[in-house]
Asks: 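I'd like to ask you about the structure that follows.
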There are 2 protein chains.
Amino acid sequence: MSTPAKKHGGGIENLFFALQKKLFDSIKDEIKGLNCSIPQIELLRHLEEHHELSLSEIARFLKITKPSASVMIDGMENRGLVKRTIPETDRRSVVITLTSKSTALIRAIAGKKKKVISVLIAKMSRKEQADLFTLLEKLINEY
Amino acid sequence: MSTPAKKHGGGIENLFFALQKKLFDSIKDEIKGLNCSIPQIELLRHLEEHHELSLSEIARFLKITKPSASVMIDGMENRGLVKRTIPETDRRSVVITLTSKSTALIRAIAGKKKKVISVLIAKMSRKEQADLFTLLEKLINEY
DNA sequence: TATTGTTATACTCTATAACTATA
DNA sequence: TATAGTTATAGAGTATAACAATA
């Protein structure tokens, strides 16, 4: 009983990474056709939560460089997904916000992601689902 | 008690995706400098388990097209990480195998991935770890 | 004809280096 | 001088279309 998980190629870490790959692959399938990369979707979700972010904050959140973030925002701005504003308080900086178009898109994406998870947990009992979420929550909050 | 997880922006699915992002970000940090992308590492791990794979099998596993797989293998072959062989039984196909260099690399990567997980679960009790792994295992095996 | 893989070409994501504008 | 962001350029990863070799 001291080694609870031994499948998927030899260790508990592989269990996590197998799950991670499956989630990743499923999301890719689901969002195909929405014309939005996974980092872009993460950004939209984060913007929905924080309402406005500077370019530096976006780069930090996505763990990419500022030039990369700048280019990404260029593309998203051209597609009408975000808006750049220069605040009067510091005219060097840029504030990025959602648009009505991206607000609608977020709802569509949230639905597709929810679908991935519901398939994933469909065969677990209510009790198992509750236990799993409690443990995942603990894991993430302590990280 | 019917909705066990409500943090991280409003739903149980976000818990999964928050975990997924954290794992992904951590792995990226850990493997920085090894000069290997995450798909390439997944492939090496898969090759270690299956010993040899055709190009089509690789494309299917990574969920990329055959031309993309071909290009990826070009790069990995140039860096001495895989070897192409043409089997006598079907001279259209290609068999990809590991090299001694990549066998060593896999060990290094496995260590780094293990480290990510050990940090992640460090503050959980043995009982919690065991419960979590049992549930994750069930999740993945039923998927 | 069907299958396996490659080549040609193009687009997206990311990086580093050098730059501009503002503080 | 330091900070926030942009532009120029390059490399990796991926795709589609067209191709070659083998079955």
Side-chain angles (χ1 to χ4, degrees), chain A residues 21 24-25 27-44 46-47 50 52-97, chain B residues 21 24-25 27-44 46-47 52-97 105:
Chain A
K21 180 172 186 343
F24 198 83
D25 288 347
I27 302 165
K28 267 201 307 191
D29 282 349
E30 279 295 325
I31 67 179
K32 205 171 283 174
L34 288 180
N35 247 354
C36 240
S37 70
I38 288 177
Q40 284 173 15
I41 289 173
E42 280 171 358
L43 172 57
L44 291 178
H46 199 60
L47 268 172
H50 292 82
E52 56 178 58
L53 296 168
S54 72
L55 209 83
S56 298
E57 289 169 329
I58 287 171
R60 201 176 314 125
F61 172 67
L62 294 177
K63 291 183 185 275
I64 59 179
T65 61
K66 283 191 278 193
S68 299
S70 184
V71 170
M72 172 188 278
I73 295 300
D74 284 346
M76 294 177 80
E77 196 174 22
N78 287 340
R79 283 180 293 146
L81 298 179
V82 295
K83 200 174 61 183
R84 269 187 175 95
T85 319
I86 297 180
E88 280 304 316
T89 50
D90 183 347
R91 290 161 52 76
R92 288 172 307 181
S93 65
V94 171
V95 169
I96 313 296
T97 49
Chain B
K21 181 172 185 343
F24 198 82
D25 288 347
I27 302 166
K28 268 202 304 193
D29 283 349
E30 280 295 325
I31 66 178
K32 206 172 282 174
L34 288 180
N35 246 353
C36 239
S37 69
I38 289 177
Q40 284 173 16
I41 288 172
E42 280 170 358
L43 172 57
L44 291 179
H46 198 60
L47 268 172
E52 56 178 60
L53 295 168
S54 72
L55 209 81
S56 298
E57 288 169 330
I58 288 171
R60 201 177 313 127
F61 173 67
L62 295 177
K63 289 182 186 277
I64 59 180
T65 60
K66 282 189 280 191
S68 299
S70 185
V71 171
M72 171 188 278
I73 294 300
D74 283 348
M76 294 178 79
E77 195 175 23
N78 287 339
R79 284 180 293 145
L81 297 179
V82 295
K83 200 175 62 181
R84 270 186 174 95
T85 318
I86 297 181
E88 281 302 317
T89 49
D90 182 348
R91 291 159 54 76
R92 289 171 307 180
S93 64
V94 171
V95 168
I96 312 297
T97 49
L105 185 62

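A quick note: this is a predicted structure, and the numbers were derived from the prediction, not measured. Proteins come first, then strands; the chains are lettered A, B, ... in the order of their sequence lines, and each starts at number 1.
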Asks: Find the distance A:Glu42:CD to C:dC13:C1' and express it as a whole number of Å.
Replies: 14 Å

Asks: Which whole-number value in Å describes the distance from A:Asp29 CG to D:dA15 P?
Replies: 11 Å

Asks: Kindly determine whether A:Glu52 and A:Thr85 satisfy side-chain contact (heavy atoms from CB on, under 4.5 Å), including the steps that lead there.
Replies: CA-CA 10 Å; A:Glu52 56 178 58; A:Thr85 319; over 6 Å; no

Asks: With a 4.0 Å cutoff (strictly under), does any side-chain N or O of B:Arg84 reach OP1 or OP2 of C:dG5?
Replies: no

Asks: Please confirm whether the shortest side-chain N or O distance from A:Ser37 to OP1 or OP2 of C:dC13 is below 4.0 Å.
Replies: yes

Asks: Whole Å only: how far is the CD1 atom of B:Ile86 from the C1' atom of D:dA23?
Replies: 14 Å

Asks: Could you say whether B:Asp74 or B:Ser93 is positioned toward the 5' end of DNA chain C, judged by the nucleotide with the nearest heavy atom to each?
Replies: B:Ser93

Asks: From the set D:dG13, C:dT14, D:dG5, return the single nucleotide nearest to any side-chain atom of B:Gln40.
Replies: D:dG13

Asks: Nearest heavy-atom pair of B:Phe61 and A:Lys21: which atoms, and what distance?
Replies: O-NZ, 3.1 Å

Asks: Under the criterion side-chain contact (heavy atoms from CB on, under 4.5 Å), I'd like the reasoning laid out for A:Met76 against A:Ile96: C-alpha separation, chi angles, the key distance, then a yes or no.
Replies: CA-CA 11 Å; A:Met76 294 177 80; A:Ile96 313 296; over 6 Å; no

Asks: Taking atom P of C:dT3 as reference, at what distance in whole Å does atom CD of B:Glu57 sit?
Replies: 16 Å

Asks: Between B:Glu88 and B:Cys36, which has a closest nucleotide on DNA chain D that is more 5'?
Replies: B:Cys36

Asks: Can you check the B:Phe24 CZ to C:dT14 C1' distance for me, whole Å?
Replies: 12 Å

Asks: Roughly how far, to the nearest 0.5 Å, is the CG atom of A:Leu62 from the CD1 atom of A:Ile38?
Replies: 12.0 Å

Asks: Quick one, B:Ile31 with B:Cys36, criterion side-chain contact (heavy atoms from CB on, under 4.5 Å). Give me CA distance, side-chain angles, the key distance, then yes/no.
Replies: CA-CA 7 Å; B:Ile31 66 178; B:Cys36 239; 5.8 Å; no

Asks: How many Å lie between CG on B:Asn78 and C1' on D:dG11, as a whole number?
Replies: 14 Å

Asks: Among the nucleotides D:dT6, D:dA4, C:dT14, which one has an atom lying closest to any side-chain atom of A:Ser70?
Replies: D:dT6

Asks: Name the pairs: protein N/O against N/O of nucleotides 15-21 of chain C, kept only if under 3.5 Å.
Replies:
unit_1: C:dA15; atom_1: OP2; unit_2: A:Thr65; atom_2: N; d: 2.7
unit_1: C:dA15; atom_1: OP2; unit_2: A:Thr65; atom_2: OG1; d: 3.1
unit_1: C:dA15; atom_1: OP2; unit_2: A:Ser68; atom_2: OG; d: 2.8
unit_1: C:dA15; atom_1: N7; unit_2: A:Ser68; atom_2: OG; d: 3.2

Asks: Hey, could you give me the CD1/CG distance between B:Ile58 and B:Leu47, rounded to the nearest 0.5 Å?
Replies: 5.5 Å

Asks: Atom CE of A:Met72 and atom C1' of C:dT12: how far apart are they, to the nearest Å?
Replies: 10 Å

Asks: What is the distance, rounded to the nearest whole Å, between atom CG of A:Leu62 and atom P of C:dT14?
Replies: 7 Å

Asks: For residues 60-71 of chain B, pull every pair meeting salt bridge (charged side-chain N to carboxylate O under 4.0 Å, His left out), keeping only residues two or more places apart or in separate chains.
Replies: A:Asp29-B:Lys63

